[in-house]
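Sequential numbering from 1 along the given sequence is applied to the chain's residues.
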Amino acid sequence: MIRGQFRNKAVEYLANNQWMFTEKIDGTNIRVHWDGHRVEFGGRTERAQIPATLVTYLNSTFSGDANEELFEQKFGENEVILFGEGYGSGIQNGGLYRNDVSFILFDVMVGNTYLERENIEDIAKTFNIDVVPIIGTGTIQEAV
């Protein structure tokens, strides 16, 4: 790494903006997809294998009539993707976080729009899930 030099022009352009830095959770990437009518789960790729204990947790947290009603009340028929990490016991080094499995939210996309942090926190409250902690704010150089 060479300070002040960027390979990505977009990052260089935004380097002096205020950024929000969140904790990197050691788990498995999970997408919760609401298509406007029902919920589906996926990993970072279509071939991702989600541990059975995590699938059970995701089903109890996001599936079923009551949870689908929450999605419908919150988003209507808009397509939504909740991005997060499945973490906890048996997932990467997640046993260091907790003895069971869970899902922690880090981003939300409604249609083609990513939501602001306050909206992400509101959605986390709706589903009674955690959101990744903010560990700092500032420019990229300040973070380095």
Side-chain angles (χ1 to χ4, degrees), residues 1 6-144:
M1 179 173 88
F6 299 88
R7 289 189 293 166
N8 183 307
K9 292 293 181 191
V11 174
E12 181 176 11
Y13 177 76
L14 298 169
N16 293 316
N17 285 8
Q18 289 295 303
W19 291 69
M20 181 183 306
F21 306 101
T22 59
E23 182 177 353
K24 165 63 175 100
I25 306 297
D26 191 10
T28 186
N29 191 280
I30 296 292
R31 291 175 289 135
V32 178
H33 178 237
W34 168 251
D35 69 3
H37 304 284
R38 65 185 192 97
V39 175
E40 293 181 326
F41 309 116
R44 188 177 57 82
T45 67
E46 294 302 319
R47 296 182 331 154
Q49 297 288 319
I50 303 174
T53 55
L54 182 56
V55 171
T56 300
Y57 170 84
L58 293 170
N59 278 320
S60 68
T61 305
F62 298 109
S63 293
D65 293 342
N67 291 318
E68 288 184 356
E69 258 185 59
L70 285 177
F71 273 104
E72 192 171 300
Q73 290 169 1
K74 197 83 173 157
F75 305 110
E77 291 189 1
N78 292 308
E79 185 173 359
V80 176
I81 302 175
L82 307 180
F83 296 96
E85 286 288 307
Y87 72 116
S89 182
I91 302 173
Q92 304 291 3
N93 289 315
L96 300 173
Y97 296 107
R98 55 190 308 142
N99 294 326
D100 58 355
V101 297
S102 192
F103 173 86
I104 191 165
L105 186 64
F106 60 76
D107 218 343
V108 177
M109 186 170 66
V110 178
N112 293 319
T113 303
Y114 285 92
L115 300 186
E116 298 285 334
R117 175 68 184 213
E118 67 186 54
N119 302 109
I120 294 168
E121 290 174 357
D122 178 61
I123 291 164
K125 285 179 188 168
T126 297
F127 290 97
N128 196 31
I129 57 176
D130 292 328
V131 63
V132 293
I134 296 169
I135 58 172
T137 58
T139 66
I140 291 175
Q141 289 301 335
E142 289 169 336
V144 171

query = With a 4.5 Å heavy-atom cut-off, do V39 and V32 have their side chains touching?
reply = yes
task = Step through the shown structure and confirm whether more than 12 heavy atoms of other residues, nucleotides or ligands are within 6.0 Å of CD on Q73.
result = yes
query = Just how far is it from atom CZ of F106 to atom CD1 of I25, taken to the nearest 0.5 Å?
reply = 10.0 Å
query = Between E142 and T139, is there a donor-acceptor pair closer than 3.5 Å when you use the side chain of the first and the backbone of the second?
reply = yes
ask   = Near Q141 CD, under 6.0 Å, is it more than 12 heavy atoms from other residues, nucleotides or ligands?
value = yes
request  = Could you tell me if the ring centre of F103 sits under 6.0 Å from that of F62?
outcome  = yes
key: Residue pair Q18 / T137: nearest heavy atoms and the distance that separates them   = OE1-C, 4.4 Å
inquiry  = Check whether Y97 reaches the backbone of S102 with its side chain - one donor and one acceptor, N or O, closer than 3.5 Å.
reply    = no
request  = Count the heavy atoms belonging to other residues, nucleotides or ligands that lie under 6.0 Å from CG of N16, then report whether that count exceeds 12.
outcome  = no
message = Quick one, F83 with I30, criterion side-chain contact (heavy atoms from CB on, under 4.5 Å). Give me CA distance, side-chain angles, the key distance, then yes/no.
response = CA-CA 6 Å; F83 296 96; I30 296 292; over 6 Å; no
ask   = Would you call I104 and I129 a side-chain contact if the rule is heavy atoms closer than 4.5 Å?
value = no
inquiry  = Run the side-chain contact (heavy atoms from CB on, under 4.5 Å) test on I50 and T28 for me, step by step, so that the C-alpha distance in whole Å, both residues' side-chain angles and the decisive distance to 0.1 Å come before the verdict.
reply    = CA-CA 8 Å; I50 303 174; T28 186; 5.7 Å; no
key: Donor-acceptor contact below 3.5 Å, side chain E40 vs main chain H33   = no
key: Closest non-hydrogen atom pair, A143 against F21   = CB-CZ, 3.3 Å
ask   = Taking the side chain as C-beta and beyond, is there a heavy-atom pair between V110 and L115 under 4.5 Å?
value = yes
key: Close side-chain approach of V101 to Y87, heavy-atom, < 4.5 Å   = no
request  = State whether the number of non-hydrogen atoms from other residues, nucleotides or ligands found under 6.0 Å of K24 atom NZ is greater than 12.
outcome  = yes
key: Donor-acceptor contact below 3.5 Å, side chain E79 vs main chain D35   = no
key: Contact check, side chains of L70 and N67, non-hydrogen atoms, under 4.5 Å   = yes
request  = Test the R31-F41 pair against the cation-pi criterion, namely NZ or CZ under 6.0 angstrom from the six-membered ring centroid and within 45° of the ring axis.
outcome  = no
ask   = Do the side chain of T56 and the main chain of A52 share a donor and acceptor less than 3.5 angstrom apart?
value = yes
message = Any salt bridge linking K74 with E72? Criterion: basic side-chain nitrogen under 4.0 Å from a carboxylate oxygen.
response = no
query = Is the count of non-hydrogen atoms from other residues, nucleotides or ligands lying under 6.0 Å from N17 atom CG greater than 12?
reply = yes
key: Partner of R117 under side-chain contact (heavy atoms from CB on, under 4.5 Å), chosen from V108, D122, D107, V131   = V131
key: Ring geometry between F71 and F75 (parallel below 30°, tilted from 30 to 60°, perpendicular above 60°)   = tilted
query = Between W34 (side chain) and E68 (backbone), is there a donor-acceptor pair under 3.5 Å?
reply = no
inquiry  = I'd like to know if the side chain of T61 reaches the main chain of L58, judged simply by a donor and an acceptor atom lying under 3.5 Å from each other, with no hydrogens or angles considered.
reply    = no
query = How about Y114 and N119: do any of their side-chain heavy atoms sit closer than 4.5 Å?
reply = no
query = Say you draw a straight line from CD of E85 to CG of D26; how long is it, rounded to the nearest 0.5 Å?
reply = 8.0 Å
request  = Could you check if a side-chain atom of P51 sits within less than 4.5 angstrom of a side-chain atom of I91, using non-hydrogen atoms only?
outcome  = yes
key: Distance, nearest 0.5 Å, that separates CD1 of I140 from CD of E12   = 10.0 Å
key: Heavy atoms from other residues, nucleotides or ligands near CG of N8 exceed 12 (cutoff 6.0 Å)   = yes
ask   = How many angstroms lie between atom CD of E23 and atom CD1 of I135, to the nearest 0.5 angstrom?
value = 7.0 Å
